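To start, the structure under review is shown below, and the notes come after it.
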Amino acid sequence: MNTTLPKAYDPKNVEDKLSKIWKEKGLFKAQVDEKKQPYTIVIPPPNITGVLHMGHGLNNTLQDMLVRYHRMKGECVNWVAGTDHGGIATQNVIEKKLAKEQHLSRHDLGREKFVSTVWDWYKECGNAIYNQFQKMGWALDQSNIRFTMDETRAKAVFACFKNWWDKGYIYRGKRLINWCVRCSTALSDIEVEHSEHAGKLWHLLYKGENGQDIIIATTRPETIFADAAIAVNPDDERYKDMVGKKVQIPLTDRFIPIIADEAVEKDFGTGALKITPAHDATDYEVGKRHNLETRVVISSAGKMINTPEKYIGMDRDLCRKETVKDLDAAGLLVKEEKYNNAVSTCYRCGQPIEPYLSEQWFVKMDKLAAAALDAVQKEEVKLVPSNWKAPLENWFKNMQDWCISRQIWWGHRIPVWYCPHCSAKGLTFAKDKQGKEYLSKVSFEEGAEPIISYEQPVCPKCGCKETLQDPDVLDTWFSSSLWPISVFGWPEQTKDLNYFYPTSILVTGYEIIYLWVARMIMTGIDFTGKVPFKTVLLNGIVRDKSGQKMSKSKGNVVDPLDLTAKYGADAVRFSLLSQAITGKDIPYGEDSIIGARNFCNKVYNAARFILMNVAEGTQITPLQKEYKNLEDRWIISRYNQAIKRTTKEIENYNMAAAVDTLYRFLWGDFCDWYIELAKPRFNTEENALVSSILINILYGTLKALHPVMPFITEEIANGLKPYLKDTKEFLLLESYPVCDNSRIDDEAEKQMELLQGVISAVRTVRSQFNVPPASKIKVFIAPKDKQEELVLTKEQNFIQLLAKIDNLEINPNAQKPAQSATAVFAGTAIYIPLEGLIDFAKEQARLQKELGIVINGINNRTRMLENKNFLERAPKAQVENARQELAQMQAKKAEIETAIKDLA
RNA sequence: GCCCAGUUGGCGCAGUGGUAGCGCGUUCCCUUGACAUGGGAAAGGUCACAGGUUCAAAUCCUGUACUGGGCACCA
C-alpha cells in the first residue's frame, strides 16, 4: 500500500533514471541469436548539422515502436544506431559558424584545418544527438554507433567505388551539371528543386548580315555573350529561308548562324531560340547535335567572364540588369513581358542553380537501375503507402547518370590518385592562402591516368611517392546508399551481415525516396544480390499547427528537447504516434501534446489509486478461468478486444489506430467504468479478487503500451511487480500481450451496454434538470422484457452507485409517478421523480426532440424492410439487424409517447 | 502538361458499402473515496460539388472545383 505518491506524474526524474538504467544494463544491445528470427532496422542516420527536430522525433519513435513490439514478440532485434556526415549541409553549418564566430572562411583555414574543425564538431554534435536518442527512450543499440565517415564505412565506400570502377560504371566526363554558386559545388539532378518565380521574358533583336533580322525571346539576356547559334523549328515557314544565314549577337561584333532543330517550339515566344550550349541543358544537347562552340561566360563563382570588357567580373544578376539596359539603349530590346519562369534552386541553400559545364565523376545507372526497378515491380521491396511505388518505378526508368563528385571539403575524398610526373598534363595547381600549392583541378582529357587506391599509392609507372589525390569529395548520398550493408561491416562477410541483413523494414520520410531509398536498393542488390529491406514505411513531415513546413527562418520550429523537458518524452512520443497515419504529414501543435501528457497522468493515477487500495500483503494471482461478476467478465473481454485490435493495427503500421485503441480502453473502459465499479469492492472480502483483476489487466495494458510510452509504463510496472509473480526485470523483456479469444464475452459486453445506457440516461436527466450530484434520487425502471429485467435487477447496486440513485425500483409494471422526468434506453423506461425540480416545458421539448430522432429511425428501417430488394439481396444478418433495431425503436417510441402524454 | 493524395461538426483529424466518430474548443453542472493534467452532461456535421453503380454510398466508379505533393517541360 502506497499512499505517498505525488498526485501528478512527473516524468523528469523517472525518465532520467530509467534511461540510465537501460543503458547500464545494455538492454538495447543487439547480439546474433541463431535460435531467433532477426528483426533489423537501420536508423536513417541524422545529419550532424545540429540537434534533432520533430521530423526525427516522429521517424525514430515509429521505429522504436516497431523495435520494442518485435522485441516483445520474441524476435532478435537490432536497431542500428548512427549518424551521417552530411556533406554540403554540414559544411555549410560549419562555414556559417566560422564566419560568425571567427570571421573566417574555409579558405582562410585551409583544407586540412577546416576538415579537422568539422571532425571536432562531429564529436560535439554527435554526442548531443546520442544524448537525444537516450532522452527519447529510443531503443537504439548505442554500444555500437556508426558514422558514415568512420573507418569501416570509409572502407565500404572505397570497396564500392573500386567495384564500380572495375565494372566500368564509374567514369569522368565533361558535362553540363547543376552548379550551386553559393556552395560552389556540383549537385546531382535530384538535389535541385524547382519552383516558379515571377520573372520577365525579353524579346531581343539580332541583326542579320544581309539585313534579315531575327527576334528571339529569352529569360536570360546576360547569356547572349555565350550564344553559339539561333535555332528555329525546321517546319517553321516564317524562318525557312533564313536557316544557314548569320546574325549578329547584340552588343558584340560576333556573328552566329541560324540553324534548324526539332527542339524548338514554333509557338513559344517568337519561335526563334538562342542557343547557349554552355549555360543551358537543352541548348547543350542542341549544341552537340550541331557541333557548336561551348563558350563559357559565367564562372563557377557566378561572375561574368569572356564577355565584352564592360561586363567582365560582374555578378550574373547585375549583368542581367546592365545588359537589358544596354540593349534598350541600343534599340535592340523589342519587348519586355511578364513571365513566370522556372527557377532551379539548391536543396541545401536555396540559391539559384547555374547550369555549368565542367568535368565531374559519374556513375552509370542503367544496370543498377534495371535491377532495382525489377525488385520494386516484383514487390521484393514493398512501399507503405503504396502510392509511391509508381513514382519510384518511373524514376528508375528515366534515370540519368549520377553525378557523384562534389567540390567541397567535407566528405569522403574521391579515392583516385594522380602522379605529378606521369599525369602532370591533366593537373591544375593553385596556391592556398598560406601559399601552399595544392591540386585544384584534374582534366582527364589531357591524359591524367588515375590510380584507384584507399591510401596514398606509389605511382606504378615511375615509382613516385608524392602522388596526389583528386580534390573532390563524393556526394554524401554515396556513403548513405551503402548504409544498410556498411553498418554490418561490408565488404567483409561478417556474422552480423549474414544474420541481420537484409533488414526488416526501413522507416523514412517520403522526401528522400529518390535521394536515399532508391540508391540503397541499387547498392544492396548490386553487392549482395538481396534487397536491403523488404518494406519501406514512409512517414510524413511534421509541420506546424497551420500546416506550414517548420523552418528556422519562419520561426515556427517546435523543438523536441523543449517539449520533452516540459511534458516528458512519453507525451511527445504519444502525441506523435497518435497522429501517425502512414505517409501523411502531421500538423503539430502544443495542444496535441497536452492531451498526451494528460493521458500519462491518467495512467499514473489509475495505478496510484489501485496501489492505494490493494490490501496489505495481498498476493495477486493470475486471472482465474472464470468470473461471476458482469463487470469482471466485461473488462477482461474489453481488454482482449483491445489487444486484438492493437496488434492488428501495429502489424498494418496504423500506429495512430493502435495508440487510439489503447487510449480508449484504458481511459474509457478501465478508468471510467471498471475502476469506478471496483471502488466499493475494496472494502469487502472481494478486495483480493478485484485487486488481482485490476493489477493483471493494468500490467497487461502497460505491456501493450510500452512500445508507445516506455518510461511511464516501466515505472508503473515496477510499482506493480511486488504483487506479481514471474515478472521480468524490464517490460521490454516481457512478451507482448496476446488476445485470448476465449475471454471475449459478447453477452457480458451486451449487458454492460444496457447498464451503461441506463446510467447515462439517468445522468442526462439529472444534468438537464440541475439535480445536484450530492442529492440522491429515487428512480423507477420499467424494463422492456424479462431478460433486461433480470440483468438490471442483478446489477442494481452498480446502477445506483454510478447514477447516484438512493432508491431504485425495477418493475416491469412500474407506473410513471407524477412530477417526474422520463428517460428511455432501447425501450426500457426510466422514471425519475423530480418534485419541484421539473420544468414541464423543458421536459416536453426534450422528449419531443428525442421522439423526432426515433421516428426518423423508424421510418428509415420501415422503408428498408418494405423494400423487396433489400429483403432479397441484403445479407440475412443485415435484415435481421434492421428488424431488431426497428423493434427497439418502436418500443422506445411508445415509451416516449406515453411520457409525453403523461406530462400533459 | 502527366501522375498521386486530400476535401468529414469552430479547429486538427479518424472512419472504406449498412445515413458518422475522436481530440481540442464551446455551453452547463460538479473539489463525489486516484486524477480539475479530473468527473458528468449538452450543443454542433444533408461527409466539396455533379452524375453513376448498388437493396443500400462519407465509403466504389466517372467528371468538376479547390488545396497539397511528385515528375516532365520551361526561350
Side-chain angles (χ1 to χ4, degrees), chain A residues 3 5 7-9 194 196 201-204 216-220 231 263-265 268-276 280 282-283 339-344 385 387-388 390-392 394-395 398 510-511 513-514 541 545-547 567 571 575 578-579 581 583-589 591-592 594-613 654 656-657 660 663-664 668 671-672 675-676 679-680 682-683 759-760 763-768 770-774 802-804 856-857 860 863-864 867-875 877-879 881-882:
Chain A
T3 51
L5 289 166
K7 275 170 81 166
Y9 174 65
H194 305 276
E196 283 221 329
L201 188 63
W202 289 276
H203 291 239
L204 311 181
I216 60 97
T218 182
T219 54
R220 301 205 59 189
V264 183
E265 263 179 57
F268 189 90
T270 61
L273 170 62
K274 74 188 205 61
I275 301 297
T276 320
D280 183 278
T282 318
D283 293 8
Y339 181 72
N340 275 343
N341 46 350
V343 180
S344 305
N387 41 314
W388 280 101
L392 180 58
N394 210 27
W395 193 71
N398 303 311
Y510 60 77
E511 70 275 15
I513 288 182
Y514 308 130
I541 295 167
K545 213 185 157 186
S546 54
Y567 301 103
S575 66
S578 66
Q579 296 177 80
I581 313 293
K584 279 195 140 182
D585 291 353
I586 297 176
Y588 197 83
D591 47 357
S592 81
I594 290 172
R597 188 268 322 257
N598 294 353
F599 179 60
C600 291
N601 194 53
K602 188 75 184 177
V603 180
Y604 165 80
N605 268 291
R608 185 167 78 107
F609 181 68
I610 293 166
L611 290 176
M612 274 162 60
N613 284 285
N654 296 326
D660 182 60
Y663 176 94
R664 288 209 223 185
C671 291
D672 287 351
I675 289 185
E676 289 308 319
K679 281 178 180 173
F682 282 127
N683 299 331
I759 291 162
S760 280
R763 283 170 171 175
T764 303
V765 169
R766 291 188 69 121
S767 173
Q768 220 110 51
N770 297 324
V771 180
L802 294 187
K804 306 216 177 305
N856 230 333
N860 198 289
R863 222 175 303 130
M864 279 167 88
N867 185 336
K868 254 191 219 159
N869 286 327
F870 174 69
L871 298 177
E872 278 167 20
R873 294 184 207 181
Q878 232 20 275
V879 177
N881 201 358

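If you're wondering where the values come from, they're calculated on a predicted model, not measured in any experiment. By convention in this document, chain letters (A, B, ...) are assigned in the order of the sequence lines, proteins followed by strands, and residues within each chain are numbered from 1.
Across the protein-nucleic acid pair, A:Asn770 atom CG and B:rU27 atom P stand 16 Å apart, rounded to whole Å. Atom pair A:Asn398:CG and B:rC71:P shows a separation of 12 Å (rounding to whole Å applied). Note: CZ (A:Phe268) to P (B:rA75) measures 7 Å, nearest angstrom. We find that CG of A:Leu273 is positioned 5 Å from C1' of B:rA75, with the value rounded to whole Å. For the pair A:Ile216 CD1 and B:rA75 C1', the interatomic distance rounds to 7 Å; values are reported in whole Å. Between A:Ile541 atom CD1 and B:rG70 atom C1' the separation is 12 Å, expressed in whole Å.
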Which parts of nucleotides 4-16 of chain B does protein reach within less than 4.0 Å, heavy atoms only, written one letter per nucleotide 5' to 3' as B for base, S for sugar-phosphate only and - for none? S-------SSS--

Treat primed atoms plus P, OP1 and OP2 as sugar-phosphate and everything else as base, then score nucleotides 37-42 of chain B 5' to 3': B for base contact with protein heavy atoms under 4.0 Å, S for sugar-phosphate contact only, - for none. BSSBSS

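Stacking of A:Lys602 on the aromatic ring of A:Tyr663 is not recorded, the 6.0 Å distance cut-off and the 45° axial limit not both being met.
In this structure, A:Pro385 reaches neither bases nor backbone, as no heavy-atom distance under 4.0 Å exists between it and the strands shown.
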Note, RNA chain B 5' to 3' with Watson-Crick or G-U pairs under 3.5 Å encoded as ( ), [ ], | and . gives ((((((((.[[[[.)..(..]]]].(((((.......))))).....[[[[[..)....]]]]])))))))....

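Side-chain proximity of A:Tyr514 to B:rG70, B:rA75, B:rC74: nearest is B:rG70. Considering only the side chain of A:Lys804, B:rU32 comes nearest among B:rG33, B:rU32, B:rG18.
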